[in-house]
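Keep in mind that the numbers below use all heavy atoms, side chains included, and drop hydrogens, waters and symmetry copies. When a ligand or atom number is given, it counts from 1 through the structure's own listing order.
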Amino acid sequence: MTTHIDSKLKKIVDGNDYINSLRNRDLEIYLFGELVKEPVDHPMIRPSINAIAQTYDLAIKAPELASVISPFTGERVSRFLHVCTSANDLVLQNKMQRKLGQNTGTCFQRCVGMDAFNSLYSVTYEMDEAKGTNYHEKLKQFLTVMHRYNFVVGGAMTDVKGDRSLAPHQQADPDLFVHISKRTKDGVYITGAKAHQTGCINSHWMLVMPTMRLGEGDKDYAIIGAVPVDAKGITYIYGRQSCDTRSMEEGNIDVGNAQYGGQEAMVIFEEVFIPNEYIFMDGEYDYAAMLVERFTAYHRRSYVCKSGVGDVLIGAAANIAEMNGIPKASHIKDKLVEMTHLNETIYATGIAASYQGFATKSGAYICDDMLANVCKHHVTKMPYEIGRLAQDLAGGLVATLPSEQEFTHPKVGKLLQKYLKGKADVKTEDRIRILRLIENMTLGRNAVGYLTESMHGAGSPQAQRIQIGRAMQLEYKKRLAKVIAGIEVAGDKEVLVEEMTGYFARVFKLG
Ligand SMILES: Cc1cc2nc3c(=O)[nH]c(=O)nc-3n(C[C@H](O)[C@H](O)[C@H](O)COP(=O)(O)OP(=O)(O)OC[C@H]3O[C@@H](n4cnc5c(N)ncnc54)[C@H](O)[C@@H]3O)c2cc1C
Ligand code: SF4
């Protein structure tokens, strides 16, 4: 297999290796109307790189939690590169995600790729079985290369989509969904754009996948392939985040979370070549729905990441109450309990989806689709309520604080130190730092990760309601009610536990 990889490259071990691996890649990235020379050194981009670096550092600090022994290379690699072969593997992904949310207070960007190749692993297996293709073996070869270098793989699913009521091939402009625009004996060329791509610039490779169920007319849109991030023909247009230029100012207080941030960009593909060995679907439109449904099952329970981020926000709210001298007030305690209850509800449904995981034909484990959708649906609401309560405890200063420059100003600095004091034994600066963190997570840069990504990432709320509706087994529930209400259920017999199908088969599975 050609790897398109510089033979001098070494395996990435820690966060520093990772950061250095991103240098000198000559990517075409636009930000503020200019080309970014070196993203690694850009003050607005760097916090998002630091967040991914944490995934490598956690793998060193807690190897059992954040790394695995690769079945392909026999060496230790990031858990983000692992294909789950047990329910416990799924559970450990969630535990790692919660810890990384706690360590960064933001999106650490690696789960889309992880969930993409976990779903691809079983879909390519079943496609090959049905169609006689050889995608699964090629995917394993690709994963071997990723493991060899311990790379970051991004997942590029969401197309820009144009008119949402039309299928890809019905759009006025065929490029509104990524599609095959040229074909040679060696591979295919793709054209189109993917929106909101988390961590794309911080990745080494991307898996490009269809965004939705496809029909026969969409055959050219049924393309899945792996593309190096620095492939010829790719343009990145960096997404702005609320208050993002604060990281380009002097000082490190107003930014709220100086070290870590998320990243999204639009990725535009103009005739980008994918060689045959990196193609994992080409025209099998009838398998696009299976891929999207399996991907969202994994990814919607990956949103337990938000419970880790929520831990930071709950901690910030508790700190500000203490700094204001009111930690014992009953309504404060009650609000912290409510925040924790909401946060643990997210975690509980996500981790349950993993514990209730099961084996696919390929041997890869997938989590419970119903519970994963319930988890993500909670995530579209609960972080907003947790954020509201954090702002309640913070007081109005969360939105009216003067800038860091005023605090160091020869005249007004002393006045602010005096008048913005909370409890006598708490430094005014510490109180300001906590308020800025709450601002950052509920109104600023990391509100993108904590709130809007919670709403739309892995699908907007309606997408989960559709899946929950499909799996809710209403006929079975209606029969239960009729039997208990004493209504005769004609020509029907009780479904025994061992005869259950769908969600309830998983609920009542013993052992
Ligand atoms: C911060 C962030 C990070 C993300 N990261 C990634 C990533 O790494 N990789 C990736 O592939 N994607 C990513 N996404 C994309 C995410 O999956 C999409 O935002 C989501 O699927 C919604 O698509 P959209 O943004 O185009 O919204 P729209 O599709 O425009 O949805 C807007 C509203 O219209 C409704 N709607 C849309 N279509 C229809 C229809 N046909 N009929 C009825 N109602 C409809 C929706 O339910 C929603 O209420 C990310 C998104 C965000 C916000
Ligand atoms: S939003 Fe959460 S699940 Fe998605 S990539 Fe970021 S950290 Fe991972």
Peer 1: Relative to the heavy atoms of M157, which atoms of ligand 1 are at a distance of less than 4.0 Å?
Peer 2: 10 (C), 11 (O)

Peer 1: What is the nearest protein non-hydrogen atom to atom 2 (Fe) of ligand 2, stated with its residue, atom name and distance?
Peer 2: C305 SG, 2.3 Å

Peer 1: Taking 4.0 Å as the limit for heavy-atom contacts, which would you say applies to K194 with ligand 1: side chain only, backbone only, both, or neither?
Peer 2: neither

Peer 1: List ligand 1 atoms under 4.0 Å from T198, heavy atoms only on the residue side.
Peer 2: 3 (C), 4 (C), 5 (N), 6 (C), 7 (C), 8 (O)

Peer 1: Salt bridge or not between R294 and D115? Use side-chain N to carboxylate O under 4.0 Å.
Peer 2: no

Peer 1: Nearest protein heavy atom to atom 9 (N) of ligand 1, by residue and atom, and its distance?
Peer 2: G155 O, 3.2 Å

Peer 1: Measure the distance from atom 4 (Fe) of ligand 2 to every protein heavy atom, then report the residue, atom name and distance (to 0.1 Å) of the closest one.
Peer 2: H299 CE1, 3.7 Å

Peer 1: Does the protein put any heavy atom within less than 4.0 Å of atom 21 (O) of ligand 1?
Peer 2: yes

Peer 1: Atoms of ligand 1 less than 4.0 Å from G459 heavy atoms?
Peer 2: 17 (O), 21 (O)

Peer 1: Would you kindly check if the NZ (Lys) or CZ (Arg) of K11 is within the cone defined by 45 degrees around the ring axis of Y149 and under 6.0 Å from the six-membered ring centre?
Peer 2: no

Peer 1: Answer side chain, backbone, both or neither: which part of A458 comes under 4.0 Å from ligand 1, heavy atoms only.
Peer 2: backbone

Peer 1: Measuring centre to centre across the rings, with the benzene-like ring taken for any Trp, is Y135 within less than 6.0 Å of F280?
Peer 2: no

Peer 1: I need the contact type for K306 against ligand 2. Using non-hydrogen atoms and a strict under-4.0 Å cut-off, is it side chain, backbone, both or neither?
Peer 2: side chain

Peer 1: Tell me whether atom 30 (O) of ligand 1 lies less than 4.0 Å from at least one protein heavy-atom position.
Peer 2: yes

Peer 1: Under 6.0 Å between the ring centres of H147 and F151?
Peer 2: no

Peer 1: If you have a sec, work out which protein heavy atom is nearest atom 6 (Fe) of ligand 2 and how many Å separate them, to one decimal?
Peer 2: C107 SG, 2.3 Å

Peer 1: So if I count the atoms of ligand 2 from 1 in the order they appear, which ones are less than 4.0 Å from some heavy atom of Q109?
Peer 2: 5 (S), 6 (Fe)

Peer 1: May I ask you to identify, for T158, whether its side chain, its backbone, both or neither come under 4.0 Å of ligand 1 on a heavy-atom basis?
Peer 2: both

Peer 1: Atoms of ligand 2 less than 4.0 Å from E453 heavy atoms?
Peer 2: 1 (S)

Peer 1: Distance below 4.0 Å between atom 50 (C) of ligand 1 and any protein heavy atom?
Peer 2: yes

Peer 1: Among R79, K95, R76, which residue meets the salt bridge (Lys or Arg N to Asp or Glu O under 4.0 Å) test with E64?
Peer 2: R76

Peer 1: Exactly one of Y121, F117, F142 should register a ring pair (Phe, Tyr, Trp, His ring centres under 6.0 Å) with H136. Which one does?
Peer 2: Y121

Peer 1: Does the protein put any heavy atom within less than 4.0 Å of atom 26 (O) of ligand 1?
Peer 2: yes

Peer 1: More than 12 heavy atoms of other residues, nucleotides or ligands under 6.0 Å from CZ of R240: is that the case?
Peer 2: yes

Peer 1: Which ligand 2 atoms, with their elements, are less than 4.0 angstrom from a heavy-atom of S302?
Peer 2: 3 (S)

Peer 1: Please work out which of E453, H299, H456, Q241 has its closest non-hydrogen atom nearest to atom 18 (C) of ligand 1.
Peer 2: H456

Peer 1: Charged N to carboxylate O below 4.0 Å: is that the case for E249 and R246?
Peer 2: no

Peer 1: Using a strict 4.0 Å threshold on nitrogen-to-oxygen distance, state whether R148 and E75 make a salt bridge.
Peer 2: no

Peer 1: Compute both the distance and the angle, then confirm whether R110 meets the cation-pi test with Y56: under 6.0 Å from the six-membered ring centre, within 45 degrees of the axis.
Peer 2: yes

Peer 1: What's the shortest distance from atom 38 (N) of ligand 1 to any protein heavy atom, and which residue and atom give it?
Peer 2: R164 CG, 3.3 Å

Peer 1: Got a salt bridge between R25 and D230, using NZ or NE/NH1/NH2 to carboxylate O under 4.0 Å?
Peer 2: no

Peer 1: State whether E293 and R213 are salt-bridged, where the test is any N-O pair (Lys NZ or Arg NE/NH1/NH2 against Asp/Glu carboxylate O) under 4.0 Å.
Peer 2: yes

Peer 1: Nearest protein heavy atom to atom 13 (C) of ligand 1, by residue and atom, and its distance?
Peer 2: H196 O, 3.4 Å

Peer 1: So, are E344 and R98 salt-bridged, with charged N and O less than 4.0 Å apart?
Peer 2: yes

Peer 1: Find out whether Q93 and N118 are in side-chain contact, i.e. whether some heavy atom of one side chain is under 4.5 Å from a heavy atom of the other.
Peer 2: yes

Peer 1: Does the protein come close to atom 1 (C) of ligand 1 - that is, does one of its heavy atoms sit below 4.0 Å from that atom?
Peer 2: yes

Peer 1: Between the side chains of D311 and K99, is the shortest nitrogen-to-carboxylate-oxygen separation below 4.0 Å, so that they form an ion pair?
Peer 2: no

Peer 1: Checking only N/O/S atoms, does C111 have one that is under 2.8 Å from atom 8 (Fe) of ligand 2?
Peer 2: yes

Peer 1: Is at least one protein non-hydrogen atom found at under 4.0 angstrom from atom 35 (C) of ligand 1?
Peer 2: no

Peer 1: Within the protein, is there a heavy atom lying under 4.0 Å from atom 7 (C) of ligand 1?
Peer 2: yes

Peer 1: Tell me which part of K161 gets within contact of ligand 1: side chain, backbone, both or neither, using heavy atoms under 4.0 Å.
Peer 2: side chain

